[in-house]
Asker: 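Encoded as structure tokens, here's the structure I'll be asking about.
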Amino acid sequence: LARDFFMAGETIRIRERDGTSVFTIKTPVSKDSKDLVENKNERFEYEKRIDRPDITLCYDYINEKSRFGRDITFEMVAPLLIIKNRRKKCRLNYQSAEFEIVFDNFSYFEDGAERSYYAEKQIEIELKSDYSKKIALEAFSAALEKAFPLLQKITDSKLKIGIQKLEGER
């Protein structure tokens, strides 16, 4: 049961920065969607500020936003791993769409562990405009891939990558 939520393609996180805690739930775009772009990690992202980094403060919000279809329990959302990320963000306008480009340098830790078991660097591109502008995201991604052919396209979430590394699958 502990990984049912993860296996459903949903991820949650609590991000702590500058004394502020923000809870995020990411849910997959329906696989039936005619707008779904193949080989892309398309998800809806919902955020809310919380008073302290405590997942129990978020159960109602998870149940409201999740597509999982049943009440959330602590066992379902217990930490699978901890990701520590040093990131740099920038905003870009391209073909009348706004993007956030993030340069991530992250490390994975098992819950309670002090040493990282894996580290990776990524460039993440996120559409910040209306979803109707996603064709501009496709054009920008294609231009980036052409300009930097050594970049490797990854559609897995950071959580999925970390779980695969932890279990020796990747």
Side-chain angles (χ1 to χ4, degrees), residues 4-18 20-50 53 55 57-69 72 77 80-108 119-165 170:
D4 286 355
F5 192 73
F6 168 69
M7 297 306 286
E10 299 198 9
T11 57
I12 58 174
R13 75 169 176 235
I14 295 176
R15 179 175 280 158
E16 297 175 78
R17 183 177 301 136
D18 300 328
T20 302
S21 297
V22 177
F23 172 78
T24 305
I25 179 170
K26 297 180 181 186
T27 63
V29 173
S30 169
K31 295 294 181 196
D32 299 330
S33 174
K34 294 185 180 13
D35 293 329
L36 191 63
V37 177
E38 193 173 330
N39 296 320
K40 300 292 181 202
N41 187 10
E42 293 191 54
R43 300 187 295 170
F44 294 111
E45 190 170 312
Y46 307 97
E47 291 186 340
K48 81 174 215 168
R49 286 181 179 252
I50 53 177
I55 194 68
L57 299 174
C58 307
Y59 286 171
D60 289 341
Y61 193 69
I62 294 169
N63 284 321
E64 176 188 333
K65 299 298 184 185
S66 174
R67 305 174 108 196
F68 189 61
I72 302 302
V77 296
L80 296 176
L81 54 89
I82 294 171
I83 302 170
K84 294 186 179 179
N85 191 359
R86 291 188 318 270
R87 59 180 14 206
K88 294 181 182 177
K89 292 184 194 182
C90 65
R91 292 277 180 153
L92 172 74
N93 289 304
Y94 181 81
Q95 295 183 356
S96 74
E98 184 177 358
F99 304 105
E100 180 179 82
I101 300 176
V102 180
F103 300 92
D104 285 332
N105 181 0
F106 53 95
S107 300
Y108 293 97
E120 187 168 298
K121 294 180 173 137
Q122 285 184 357
I123 299 171
E124 182 179 302
I125 306 166
E126 188 172 313
L127 179 64
K128 291 298 186 181
S129 296
D130 184 86
Y131 196 66
S132 66
K133 299 282 187 182
K134 78 177 200 170
I135 192 71
L137 175 60
E138 291 300 309
F140 180 75
S141 296
L144 189 65
E145 289 172 33
K146 186 175 180 181
F148 300 97
L150 295 179
L151 289 178
Q152 180 183 2
K153 185 187 309 186
I154 297 172
T155 58
D156 291 336
S157 69
K158 288 178 184 71
L159 177 61
K160 186 172 182 180
I161 292 167
I163 296 292
Q164 289 171 338
K165 287 292 186 180
R170 190 167 172 213

Asker: Which residues pass the side-chain hydrogen bond (donor to acceptor under 3.5 Å, both in side chains) test with Asp130, not counting sequence neighbours?
Answerer: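 If we apply the side-chain hydrogen bond (donor to acceptor under 3.5 Å, both in side chains) test to Asp130, skipping adjacent residues, the hits are Ser132.
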Asker: Within a strict 4.5 Å, meaning less than it, do heavy atoms of the Ile62 and Ile55 side chains meet?
Answerer: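 Answer yes - side chains close enough.
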Asker: Under the salt bridge (Lys or Arg N to Asp or Glu O under 4.0 Å) rule, collect the residues that match up with Arg87, sequence neighbours excluded.
Answerer: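 Applying salt bridge (Lys or Arg N to Asp or Glu O under 4.0 Å) to Arg87 gives Asp104.
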Asker: Please list, chain by chain and in numerical order, all residues satisfying ring-ring contact (aromatic ring centres under 6.0 Å, His included) with Phe106, sequence neighbours excluded.
Answerer: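 Phe106 satisfies ring-ring contact (aromatic ring centres under 6.0 Å, His included) with Tyr108 once adjacent residues are dropped.
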Asker: Return the minimal non-hydrogen interatomic distance between Phe103 and Cys90, and the atom names on each side.
Answerer: CE1-SG, 4.3 Å
Asker: Hey, could you give me the CD1/CD distance between Ile25 and Glu64, rounded to the nearest 0.5 Å?
Answerer: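 It comes to 9.5 Å.
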Asker: Are Glu124 and Lys158 ion-paired here, with the side-chain N under 4.0 Å from a carboxylate O?
Answerer: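 Yes, charged N to carboxylate O under 4.0 Å.
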Asker: Distance check, rounded to the nearest 0.5 Å: Ser141 atom OG versus Ile125 atom CD1?
Answerer: 4.5 Å
Asker: Under the rule for salt bridge (Lys or Arg N to Asp or Glu O under 4.0 Å), what residues qualify as partners of Glu45, not counting sequence neighbours?
Answerer: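 Expected list: Arg13, Lys26.
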Asker: My understanding is that only residues two or more places apart in sequence, or in another chain, count here; which of them pass side chain to side chain contact (heavy atoms under 4.5 Å, CB included) with Arg49?
Answerer: Thr20, Val22
Asker: Mind checking the CG-CD1 spacing from Asp156 to Ile163? Nearest 0.5 Å is all I need.
Answerer: 12.0 Å
Asker: How many angstroms lie between CD1 in Ile135 and CD in Gln95, if you round to the nearest 0.5 Å?
Answerer: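 Between Ile135 CD1 and Gln95 CD, I get 8.5 Å after rounding to 0.5 Å.
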Asker: Just how far is it from atom NZ of Lys48 to atom CG of Leu57, taken to the nearest 0.5 Å?
Answerer: 7.5 Å
Asker: List for me each residue that meets side chain to side chain contact (heavy atoms under 4.5 Å, CB included) alongside Leu151, sequence neighbours excluded, and say none if there are none.
Answerer: Ile123, Leu144, Phe148
Asker: In chain order, what residues pass the side chain to side chain contact (heavy atoms under 4.5 Å, CB included) check against Ala97, with sequence neighbours excluded?
Answerer: Phe99, Leu127, Ser129, Lys133, Ala136
Asker: Could you walk me through whether Ile50 and Cys58 pass side chain to side chain contact (heavy atoms under 4.5 Å, CB included), step by step?
Answerer: CA-CA 8 Å; Ile50 53 177; Cys58 307; 3.9 Å; yes
Asker: If you look at every heavy atom in Ser66 and Thr27, which pair is closest and at what distance?
Answerer: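 Where Ser66 meets Thr27 most closely, the heavy atoms are CA-CG2, 4.2 Å.
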Asker: Using ring-ring contact (aromatic ring centres under 6.0 Å, His included) as the criterion, list what pairs up with Tyr94, not counting sequence neighbours.
Answerer: Phe140
Asker: Would you please name every residue forming a side-chain hydrogen bond (donor to acceptor under 3.5 Å, both in side chains) with Thr24, sequence neighbours left out?
Answerer: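 Here the qualifying residues are Glu47.
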Asker: For the residue pair Pro28 and Glu10, establish whether any side-chain heavy-atom pair is separated by less than 4.5 Å.
Answerer: yes
Asker: For Lys128, enumerate each residue passing the side chain to side chain contact (heavy atoms under 4.5 Å, CB included) test, keeping only those at least two apart in sequence or located in another chain.
Answerer: Arg91, Glu98, Glu100, Glu126
Asker: I'd like to check the salt bridge (Lys or Arg N to Asp or Glu O under 4.0 Å) partners of Lys65; sequence neighbours left out, ordered by chain and number.
Answerer: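 Lys65 satisfies salt bridge (Lys or Arg N to Asp or Glu O under 4.0 Å) with no residue once adjacent residues are dropped.
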